[in-house]
Number of protein chains: 2
Amino acid sequence: MALQIHQLAYFVAVARTRHFTRAAELSGVSQPSLSKQVRVLENTLGARLLDRERGAVTLTAAGEALLPLAQRILIDVEAAQRAVAEVSDMRRGLLRLGGTPSLCAGLLAGALARFHAEYPGIDLQVREGGSRDLVAALHRGELDLALMIDSPQGDDPDLHLTPILRESLLVASPADAPAPTTQARMPVADLRGRPLVMFREGYDLRERTRAACLAAGFEPTLAIEGGEMDAVLQFVEAGIGLAVVPSMVLRTRPTLRGTPLEHPHLERTVALAYRREASLPASAVAFQTVLAVHLTTWGADELGDDLRLL
Amino acid sequence: MALQIHQLAYFVAVARTRHFTRAAELSGVSQPSLSKQVRVLENTLGARLLDRERGAVTLTAAGEALLPLAQRILIDVEAAQRAVAEVSDMRRGLLRLGGTPSLCAGLLAGALARFHAEYPGIDLQVREGGSRDLVAALHRGELDLALMIDSPQGDDPDLHLTPILRESLLVASPADAPAPTTQARMPVADLRGRPLVMFREGYDLRERTRAACLAAGFEPTLAIEGGEMDAVLQFVEAGIGLAVVPSMVLRTRPTLRGTPLEHPHLERTVALAYRREASLPASAVAFQTVLAVHLTTWGADELGDDLRLL
DNA sequence: CCACTCGATAGCCAACGGCTATGAAAGGCG
DNA sequence: CGCCTTTCATAGCCGTTGGCTATCGAGTGG
């Protein structure tokens with residue numbers, strides 16, 4: 001027969017109380033049950049563990065050898081139950097999120113702050129990267145959840161994408177300079193010949209902007225290229241050129257003006273992605289809820305045509 | 001329901017193989033049994049541990065949390081069984097022996113050497129002390145076994161004494177000097193006025209010698225007192241005086257002569273003692289056997305009237 | 001000497017772990 | 001396109017076992 005945890009527990013109870021009857025009530029079973037199980041344990045191990053002298057229960061050498069290990073096992077069993085419980089109800093855990101640079105700065109920051117406030121025991125890991133990087137990381141199981149741009153052609157069967165919001169791409173220009181066009185919306189064709197501040201390789205925005213210009217029949221004119229989001233906006237503010245950026249990054253920048261494009265109107269859809277096969281950790285599920293709440297309050301003050309929740 | 005060791009084992013097997021069927025044959029049970037037990041474990045812990053995707057079994061966050069603890073528990077369970085087995089068959093263990101100084105030097109040394117050769121894994125602790133000390137130590141459970149002098153009046157009901165051998169007390173004198181008496185045996189009365197080298201307080205021999213002299217009607221004359229066995233024998237060898245010593249200590253001392261006493265003939269009985277209530281460790285039982293063997297070979301060359309096995 | 005304490009024993013029952021047989025769903029392949 | 005294979009889940013059965021109550025037996029103390 002195999003050794004059982006409750007047998008170890010009974011043995012430890014007897015070792016502590018030096019008393020079968022008290023050990024039994026301590027363990028919440030009847031004295032004969034406990035006695036029998038201790039006997040079974042002794043038979044299993046092939047050694048007497050206790051000396052049952054009338055009124056003087058003592059450990060044998062074998063019992064002395066077993067006691068510390070038995071105690072450690074019982075402690076570990078309890079620790080195992082506690083560990084699983086903590087992970088389940090999110091007193092502990094790990095949430096690994098990915099996001100494109102623009103989304104990390106704009107959306108994730110606030111959502112993560114909320115999440116951390118609500119679930120302080122969950123470790124947070126954020127990975128910033130292009131959508132292609134994020135997809136690969138999701139596949140390798142390195143991320144639980146990723147905020148990315150939902151490109152129409154990218155329908156990966158292994159990934160589940162939930163559209164979160166749709167936003168316009170705007171032309172950014174300094175707020176203290178004249179608008180780049182006299183109309184409310186700027187035709188893409190009017191970008192011809194205008195110096196543009198362009199993102200580095202890897203940004204979806206770079207490809208979107210270039211593709212739009214090419215579709216309008218011209219190659220964009222670049223003032224500077226290779227910057228990250230923050231640098232690009234600084235350059236625009238300095239008057240070096242215009243930039244095509246998602247509306248959300250202009251939310252907190254009063255020094256920049258955003259002018260919607262038209263012919264065609266450029267948009268992007270932000271989506272939450274996760275691997276279909278792996279079950280989402282509870283923390284990832286909770287994050288989606290937190291994110292949804294965050295979105296409603298976040299977008300509330302500027303929910304024009306340029307940013308629509310889905 | 002309570003968590004069970006075999007459930008942890010099944011879970012670990014699945015975690016390692018990422019495969020229920022293979023985990024089942026690895027564990028030596030049928031696949032349905034293993035599946036059921038893993039489910040039961042999940043219910044017990046209140047959390048899913050595994051994602052069962054067709055051909056891709058993976059751990060959930062809770063499973064990841066449980067795995068290292070489960071492995072540790074299984075390792076400890078095995079260690080516990082091994083530890084008890086090792087103690088039982090004396091690959092490991094502890095033997096705490098006590099002995100009077102004369103017995104430690106004369107008898108124990110050889111017996112312990114034999115014992116250690118036969119059971120190298122057993123740790124040995126020796127405590128040297130007077131019989132009263134040894135009895136107290138046995139009572140407190142600090143000793144498993146003690147070699148002591150069996151005094152006729154000391155019949156402690158808690159202790160079991162097995163007489164081992166009986167030996168005469170001899171008068172020791174330098175071998176290169178004339179014998180202390182012209183006869184083969186020396187009457188106790190003849191010790192009157194002869195300078196004696198006397199043991200320190202605590203030796204039974206001190207009391208025995210003094211009592212014998214008083215019984216013969218005189219107070220012994222002390223040349224030196226307070227010595228341990230070895231010092232006493234050195235003093236005798238230097239011609240400072242005579243000493244009454246057990247025959248066994250003269251076995252390995254060709255420079256000393258031993259003369260039996262008479263009127264009365266003084267003897268002492270060496271006994272092996274252990275606490276009656278506590279079961280003897282296997283090592284203590286084995287030691288008795290080793291000691292018995294040792295005695296037959298040890299006393300073989302000098303088994304005269306002065307040393308008789310019992 | 002009787003009452004009490006305390007562990008062992010006996011006998012019973014419900015629960016449970018294991019088994020075989022079978023189902024169900026997802027690929028793989030002719 | 002449908003069949004076969006793989007793989008885990010389900011169903012139903014059975015022997016074992018852990019737990020219970022009742023009782024014994026031995027040692028203790030008033």
Side-chain angles (χ1 to χ4, degrees), chain A residues 1-45 48-60 63 70 74 77 157-158 160 275-279, chain B residues 1-45 48-60 63 70 74 77 157-158 160 275-279:
Chain A
M1 182 195 324
L3 191 151
Q4 306 254 309
I5 289 174
H6 66 266
Q7 294 168 349
L8 293 178
Y10 295 168
F11 164 70
V12 169
V14 175
R16 287 200 176 134
T17 61
R18 304 194 161 285
H19 201 285
F20 277 71
T21 305
R22 277 198 284 278
E25 58 196 46
L26 188 68
S27 305
V29 296
S30 70
Q31 169 263 316
S33 299
L34 181 136
S35 285
K36 191 205 278 183
Q37 290 303 308
V38 171
R39 272 242 184 279
V40 171
L41 177 63
E42 288 180 322
N43 292 338
T44 301
L45 293 173
R48 292 182 58 79
L49 300 171
L50 297 160
D51 277 326
R52 298 139 166 95
E53 288 296 321
R54 166 127 226 101
V57 175
T58 54
L59 293 176
T60 64
L74 295 177
V77 165
D158 280 7
H160 182 87
R275 205 155 102 255
R276 211 181 279 277
E277 54 183 86
S279 74
Chain B
M1 180 194 326
L3 190 152
Q4 306 255 306
I5 290 174
H6 66 266
Q7 294 167 349
L8 294 179
Y10 295 168
F11 164 69
V12 169
V14 175
R16 288 200 176 133
T17 60
R18 303 193 162 288
H19 202 284
F20 277 71
T21 305
R22 276 198 284 278
E25 59 197 45
L26 188 67
S27 305
V29 295
S30 71
Q31 168 265 316
S33 299
L34 181 136
S35 284
K36 192 205 278 184
Q37 289 305 307
V38 171
R39 273 241 183 281
V40 171
L41 178 63
E42 288 180 323
N43 292 339
T44 302
L45 293 173
R48 292 182 59 79
L49 301 172
L50 296 161
D51 278 324
R52 298 139 166 94
E53 288 297 320
R54 168 127 228 97
V57 175
T58 54
L59 292 176
T60 64
L74 295 177
V77 166
D158 280 7
H160 181 87
R275 205 155 102 255
R276 211 182 279 280
E277 53 183 85
S279 73

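Sequence lines set the chain letters: A, B, ... in the order given, protein chains first and strands last, and positions in each chain run from 1.
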task: Would you confirm whether B/Thr60, through its side chain, and B/Arg48, through its main-chain N or O, come within 3.5 Å as a donor-acceptor pair?
output: yes
field: Donor-acceptor pair, side chain of A/Thr17 and main chain of A/His19, under 3.5 angstrom
entry: yes
Nearest whole Å is fine: how far is [N] [atom2] from [X] [atom1]?
X	N	atom1	atom2	value
B/Asp51	C/dA25	CG	P	18 Å
A/Arg48	C/dG7	CZ	P	14 Å
A/Leu8	D/dG18	CG	P	13 Å
A/Phe20	D/dG19	CZ	P	15 Å
A/Gln4	D/dT16	CD	P	16 Å
B/His6	D/dT17	NE2	P	13 Å
A/Leu34	C/dT9	CG	P	14 Å
B/Ile5	D/dG18	CD1	P	12 Å

Side-chain N or O of [X] versus OP1/OP2 of [N]: is the shortest distance under 4.0 Å?
X	N	value
A/Gln31	C/dG7	no
A/Ser30	D/dC20	yes
A/Thr21	C/dG7	yes
B/Tyr10	D/dC8	no
B/His19	D/dC8	yes
A/Arg39	C/dG7	no

query: Hey, which of these two, B/Arg52 or A/Ser33, hits DNA chain D nearer its 5' end, going by closest nucleotide?
result: B/Arg52
field: Earlier contact from the 5' end, DNA chain D, for B/Lys36 and B/Arg22
entry: B/Arg22
field: Side chain of B/Gln37 - closest among C/dA21, D/dG19, C/dG17
entry: C/dG17
- line: Out of C/dG17, D/dG19, D/dC8, minimum distance to the side chain of A/Val29 belongs to D/dG19
query: How would you label the contact of B/Ser35 with the nucleic acid (heavy atoms, under 4.0 Å): base, sugar-phosphate, or nothing?
result: sugar-phosphate
What's the separation between atom [atom1] in [X] and atom [atom2] in [Y], rounded to the nearest 0.5 Å?
X	Y	atom1	atom2	value
A/Arg39	A/Leu49	CZ	CG	10.5 Å
A/Glu42	A/Leu50	CD	CG	5.5 Å
A/Glu25	A/Phe20	CD	CZ	14.0 Å

